[in-house]
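Report on the structure given below.
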Amino acid sequence: MSDILIVDDDNAFREGLAETLIDLGHIVHEAASGKEALGKIKDQAVNLVFLDLRMPDMDGLEVLRRLHADRSK
């Protein structure tokens with residue numbers, strides 16, 4: 001199965017999605033903010049990211065830009 005990172009500041013949504021994906025056999029990593037996600041992605045490779053667009057510290061598009069920039073290096 002896949003390693004999946006869920007990035008969402010809504011705890012209930014993030015945990016519910018994580019539970020569903022774990023039940024399907026995936027390895028799930030969670031982050032409650034964009035900054036936390038960027039830190040986690042440096043430590044482990046993931047196959048898929050579920051990314052919330054509206055978060056208080058950094059919006060999802062900025063997280064996506066930074067993830068893409070880090071992979072392009």
Side-chain angles (χ1 to χ4, degrees):
M1 290 296 175
S2 298
D3 277 85
I4 300 172
L5 175 62
I6 303 169
V7 185
D8 199 307
D9 60 322
D10 182 332
N11 293 335
F13 177 79
R14 189 180 66 250
E15 291 168 3
L17 180 56
E19 184 177 327
T20 299
L21 294 169
I22 290 167
D23 288 347
L24 292 170
H26 298 287
I27 298 168
V28 175
H29 312 277
E30 298 179 49
S33 70
K35 290 179 185 178
E36 184 181 353
L38 293 173
K40 286 190 177 227
I41 204 91
K42 289 180 182 179
D43 297 333
Q44 48 208 8
V46 296
N47 304 106
L48 177 70
V49 178
F50 282 97
L51 183 58
D52 185 12
L53 290 178
R54 287 180 272 166
M55 294 182 287
D57 70 331
M58 180 185 315
D59 71 31
L61 291 177
E62 180 61 24
V63 174
L64 185 60
R65 280 187 209 96
R66 291 184 188 196
L67 289 174
H68 181 69
D70 286 348
R71 293 209 186 264
S72 298
K73 290 180 182 177

Sole candidate of Leu21, Asp23, Ile22, Leu17 that passes side chain to side chain contact (heavy atoms under 4.5 Å, CB included) when paired with Glu19
Asp23
Contact between Val7 and Met55 at the side-chain level, heavy atoms closer than 4.5 Å - yes or no?
yes
State, with a plain yes or no, whether a side-chain heavy atom of Phe50 is found less than 4.5 Å away from one of Asp8.
no
Verify the cluster assignment for Leu5 and Val28: are they in a single hydrophobic cluster under the rule of side-chain heavy atoms below 4.5 Å apart?
no
Donor-acceptor contacts under 3.5 Å from residues 32-40 side chains, at least two apart:
unit_1 : atom_1 : unit_2 : atom_2 : d
Ser33  : OG     : Glu36  : N      : 3.1
Glu36  : OE1    : Ala32  : N      : 2.9
Lys40  : NZ     : Glu30  : O      : 2.9

Are Glu62 and Arg66 packed together at the side-chain level, in the sense that at least one heavy-atom pair is separated by less than 4.5 angstrom?
yes
Heavy-atom pair with the smallest gap, counting every atom of Met1 and Leu24
CE-O, 3.6 Å
In one Ile/Leu/Val/Met/Phe/Trp/Tyr side-chain cluster, 4.5 Å: Leu64, Ile6:
no
Please list, chain by chain and in numerical order, all residues satisfying side-chain contact (heavy atoms from CB on, under 4.5 Å) with Leu61, sequence neighbours excluded.
Leu53, Asp59, Arg65
Quick check: does any side chain N or O of Asp3 sit under 3.5 Å from a backbone N or O of Asn47, one acting as donor and the other as acceptor?
no
Would a hydrophobic clustering, with Ile, Leu, Val, Met, Phe, Trp and Tyr connected at side-chain separations under 4.5 Å, put Ile41 with Leu51?
yes
Just so I know, are the side chains of Asp10 and Asp52 near enough to count as touching, which here means a heavy-atom distance under 4.5 Å?
no
